[in-house]
2 protein chains.
Amino acid sequence: MSRWDPDAKGRLGQAARELFVEQGFDRTTVADIAARAGLTERTFFRHFVDKREVLFAGDRLAEQLTASVAGAPAGERPLEIVTRAIEEACDLITRDAQWSRRRAGIVAEHPELRERELAKMGLLASALSTGLRERGVDAATAELSAEAAVLAFRLAYERWASDAEAQRLAPLVRVVLAELRDVTG
Amino acid sequence: MSRWDPDAKGRLGQAARELFVEQGFDRTTVADIAARAGLTERTFFRHFVDKREVLFAGDRLAEQLTASVAGAPAGERPLEIVTRAIEEACDLITRDAQWSRRRAGIVAEHPELRERELAKMGLLASALSTGLRERGVDAATAELSAEAAVLAFRLAYERWASDAEAQRLAPLVRVVLAELRDVTG
DNA sequence: TAGGCGATGACAGTTTCTGACATCACCTGC
DNA sequence: GCAGGTGATGTCAGAAACTGTCATCGCCTA
């Protein structure tokens, strides 16, 4: 696998994941990743804006959430719409449970990765909020519903990742959302 | 003002703020900041862990929040405790309204600064959550109350910063919290 | 088969950030 | 007064992350 072989981005991602597991995020340089993928450092930065981004390439998530919100039945409460969109995404996210937990561990250990994760959550909230507004939901309700659902997802994901016994992620989102309702109610 | 004059950290912060306003965050190097403060780049990194941190040096915030939670009257609801703690912090944060708004503008324009801002919000939520648990609140309620209050603060702060007409920040937090209750209820 | 096009390489350069050691100002005990 | 300790700063070298620029490669098409 090198230079002109297909799926350079995928190979870079795979190489990065392997190296992060083998020797940790800090001690892996971008040059290491590129070398394992049979490419150069410069090419890495053409596919990923920075070194951290390789762990957050789930670009389709926002699109899927947007599509899910757009396809929700009429007359439903905004919070219910975005919550179900997130539930559907949960299965995609935790498809490879072992990697998901490993990845969560790596992110948890590195402040700069936690920052990026929070930023990505913010993007998801924006996508959901925009989707709701396009359905005619007023701006404040859209923003609050989206942020509340993403908050629930974030806390649920933390619990899921740190609990080796935990099975499916989606139900945990409902649990956290219920706790949020109790706390604010 | 140079080398052995007092308050090196303060001078670095002041120089950074001036330069960020004058020529933007990107085009200001750490060497520029240090030079204006009469110090060296190396000394900058002894006072701030990285270039971004100079805009987030409000270290006392977490302490003040913790103290505020610890001093709250017994028998109050957790959400009420953390909300009042945040309201008290609002006045500190917006003491210099002009700089607060300028700073918010700089942060909003730079993804890497938005990341850091979100991370700091996370630290505030952790501080509030810990404070609640030390009062005997169960872990889930503490976490949810803290995160809900910080979410309300974050959205309120966004609205305040982007609305030149907005006066005090604290009442906006209550408004957003009420919206959150409506949305989840 | 020539030429256009997109992806990659090569290379130099800037900037951020770190480690190691020297130097300076101040304070303390004698 | 002065030797020595202590904390803050300077100096220097260097790694690593990123960026700009131009050359090169493989493929596709006229």
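Every heavy atom of this structure was used, including side-chain atoms; hydrogens, water molecules and symmetry mates were not. So that the names make sense, note that chain A is the first sequence line, chain B the second, and so on, each numbered from 1.
Distance from the side chain of A:T43 is smallest to C:dG9 among D:dT9, C:dG9, C:dA20. Checking C:dA20, D:dA16, C:dT8 against the side-chain heavy atoms of A:T29 singles out D:dA16 as nearest. Nearest nucleotide to the side chain of A:V30, out of C:dC17, D:dA17, D:dT11: D:dA17. Closest to the B:E41 side chain, of the nucleotides D:dT9, C:dT16, D:dC18, is C:dT16.
No cation-pi contact links B:R27 to B:F20, judged by a cut-off of 6.0 Å to the six-membered ring centre and 45° from its axis. Annotation: cation-pi geometry satisfied between A:R101 and A:W160 (NZ/CZ under 6.0 angstrom from ring centroid, within 45° of ring axis).
The aromatic rings of B:F44 and B:F48 are tilted relative to each other, their planes meeting at an angle between 30° and 60°.
B:T28 and B:Q23 form a side-chain donor-acceptor contact under 3.5 Å, judged by distance and modelled atom types alone. Under the 3.5 Å distance criterion, with hydrogens and angles disregarded, a donor-acceptor pair is assigned to the side chains of B:S68 and B:E88.
Proximity of B:T40 to the phosphate of D:dG10: a side-chain N or O atom is located under 4.0 Å from OP1 or OP2. Here B:H47 does not reach the OP1 or OP2 of D:dA8: none of its side-chain N or O atoms lies under 4.0 Å away.
To the nearest angstrom, C1' of D:dT19 lies 17 Å from CZ of B:R27. Separating the CG atom of A:L39 from the C1' atom of C:dA10 is a distance of 14 Å, rounded to the nearest angstrom. A:F44 has its CZ atom 18 Å from the P atom of C:dA10, to the nearest Å. For the pair A:F45 CZ and C:dT14 P, the computed distance is 18 Å after rounding to whole Å. In this structure, A:L12 atom CG and D:dC18 atom C1' are separated by 15 Å, rounded to whole Å. What separates CG of A:D7 from C1' of C:dA7 is a distance of 13 Å, to the nearest Å. Here the C1' atom of nucleotide C:dT16 and the CD atom of B:E53 are 15 Å apart, to the nearest Å. Between the NZ atom of B:K51 and the C1' atom of C:dT14 there is a distance of 12 Å, rounded to whole Å.
B:A8 comes within 4.0 angstrom of the backbone, heavy atoms only, and of no base.
Comparing A:D50 and B:R42 by the nucleotide of DNA chain D that holds the closest heavy atom to each, the one mapping nearer the 5' end is B:R42.
Between the base of C:dG6 and the side chain of A:R46 there is no donor-acceptor pair shorter than 3.5 Å.
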